[in-house]
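Notes for the one structure printed next.
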Amino acid sequence: MEKRSCLECGEVIKGRLDKKFCSDYCRNSHNNKVNKDSKNLIRNINNRLRKNYKILSDLNVTGKIKVTRTKLYDKGFDFQFFTSIYKTKTGNTYFYVYNEGYLAIENEMFLLIRKEA
């Protein structure tokens with residue numbers, strides 16, 4: 001009978017014939033290494049979205065308010081990260097981070113709005 005070894009640590013595997021790892025620890029460790037790059041990308045994007053959401057929700061306590069671009073930048077807002085875009089019939093483009101949205105208006109000002117569920 002052929003001896004099978006764990007893909008992570010090289011230990012001899014006992015049990016089912018299709019088993020690839022000696023333990024749950026080795027299986028998790030191996031899969032975390034394999035998926036590390038894609039998980040880091042997703043984690044970084046989610047962190048940026050979470051930060052943008054917090055900035056918008058902290059500034060927009062009333063549900064509708066005007067703020068300057070500088071104020072958003074100073075808090076660390078990143079305009080490249082949003083979850084959806086809504087274009088109105090009049091041509092306005094709202095950018096949303098989940099339910100918190102913003103619209104660029106005149107003189108480097110932004111209208112912050114909250115979409116109620």
Side-chain angles (χ1 to χ4, degrees):
M1 187 163 115
E2 179 185 336
K3 287 191 177 187
R4 296 168 291 122
S5 58
C6 176
L7 294 177
E8 181 63 18
C9 69
E11 291 286 320
V12 175
I13 297 176
K14 297 175 185 170
R16 295 188 340 243
L17 293 175
D18 62 343
K19 199 171 176 184
K20 297 178 183 178
F21 304 98
C22 64
S23 66
D24 286 339
Y25 176 81
C26 280
R27 179 178 46 83
N28 286 331
S29 179
H30 178 78
N31 288 328
N32 285 341
K33 286 178 189 174
V34 168
N35 299 323
K36 182 180 176 184
D37 291 338
S38 64
K39 286 183 181 179
N40 281 340
L41 174 67
I42 292 168
R43 183 180 305 112
N44 290 339
I45 290 171
N46 284 338
N47 287 339
R48 292 303 314 165
L49 288 171
R50 189 177 300 113
K51 185 173 182 178
N52 279 355
Y53 180 82
K54 182 164 178 19
I55 292 167
L56 291 175
S57 61
D58 287 349
L59 290 173
N60 189 10
V61 292
T62 61
K64 195 174 192 179
I65 191 169
K66 290 181 182 179
V67 297
T68 63
R69 177 183 295 273
T70 307
K71 190 167 194 172
L72 290 169
Y73 272 134
D74 289 348
K75 299 237 181 229
F77 192 82
D78 190 338
F79 287 93
Q80 294 180 346
F81 292 91
F82 50 88
T83 56
S84 63
I85 298 174
Y86 175 70
K87 292 190 180 189
T88 63
K89 292 177 183 175
T90 58
N92 291 331
T93 303
Y94 289 86
F95 295 88
Y96 281 92
V97 180
Y98 304 112
N99 69 324
E100 297 287 341
Y102 60 94
L103 169 69
I105 52 179
E106 76 282 339
N107 300 328
E108 297 290 309
M109 294 290 292
F110 286 86
L111 174 67
L112 305 185
I113 60 164
R114 182 174 299 124
K115 185 172 23 175
E116 298 300 326

Ile42 reachable from Val97 in the ILVMFWY side-chain graph, under 4.5 Å edges: no

Closest contact, heavy atoms only, Arg114 versus Ser57: NH2-O, 3.9 Å

Hydrophobic cluster identity match, Leu111 and Ile85, side-chain contacts under 4.5 Å: no

For the student: nearest non-hydrogen atoms of Phe82 and Tyr96, plus distance: CB-O, 3.3 Å

Approximate separation, where rounding is to 0.5 Å, of Leu41 CG and Lys39 NZ: 13.0 Å

Phe77-Ile105 co-clustered via ILVMFWY side chain contacts under 4.5 Å: no

Joint cluster assignment, Met109 & Tyr73, ILVMFWY side-chain distance < 4.5 Å: no

Shortest non-hydrogen separation from Thr83 to Tyr98 and the atoms involved: OG1-N, 2.7 Å

Side-chain ion pair, Asp74 and Lys71, N-O less than 4.0 Å: no

Residue pair Thr88, Thr90: steps toward the side-chain hydrogen bond (donor to acceptor under 3.5 Å, both in side chains) verdict: CA-CA 5 Å; Thr88 63; Thr90 58; 3.0 Å; yes

Results of ring-ring contact (aromatic ring centres under 6.0 Å, His included) for Tyr94 - residues two or more places apart only: none

Greater than 12 external heavy atoms within 6.0 Å of Tyr86's OH: no

Cluster link Leu103 to Ile65, ILVMFWY, side chain under 4.5 Å: no

Over 12 non-hydrogen atoms of neighbours within 6.0 angstrom of NZ in Lys66: no

Between side-chain atoms of residues 47-56 and protein atoms elsewhere (two or more places apart, or another chain), which donor-acceptor pairs fall under 3.5 Å?
from	atom 1	to	atom 2	distance (Å)
Asn47	OD1	Arg50	NH1	2.7
Asn47	ND2	Arg43	O	3.3
Arg48	NH2	Gly76	O	3.0
Asn52	OD1	Asp78	N	2.9
Asn52	ND2	Asp78	O	2.7
Asn52	ND2	Phe81	O	2.9
Tyr53	OH	Asn99	OD1	3.2
Lys54	NZ	Asp58	OD2	2.9

Where Ile113 and Lys64 come nearest, the two heavy atoms and their spacing: CG2-CG, 4.1 Å

Aromatic centroids of Phe110 and Phe79 separated by under 6.0 Å: yes

Val67/Asn60 under side-chain contact (heavy atoms from CB on, under 4.5 Å): CA gap, chis, key distance, verdict: CA-CA 9 Å; Val67 297; Asn60 189 10; over 6 Å; no

Below 3.5 Å, can you tabulate the donor-acceptor pairs from side chains in residues 7-22 to any protein atom, sequence neighbours excluded?
from	atom 1	to	atom 2	distance (Å)
Glu8	OE2	Ser29	OG	3.2
Glu8	OE2	Lys33	NZ	2.7
Arg16	NE	Asp18	OD1	2.9
Arg16	NH2	Asp18	OD1	3.3
Lys19	NZ	Lys14	O	3.3

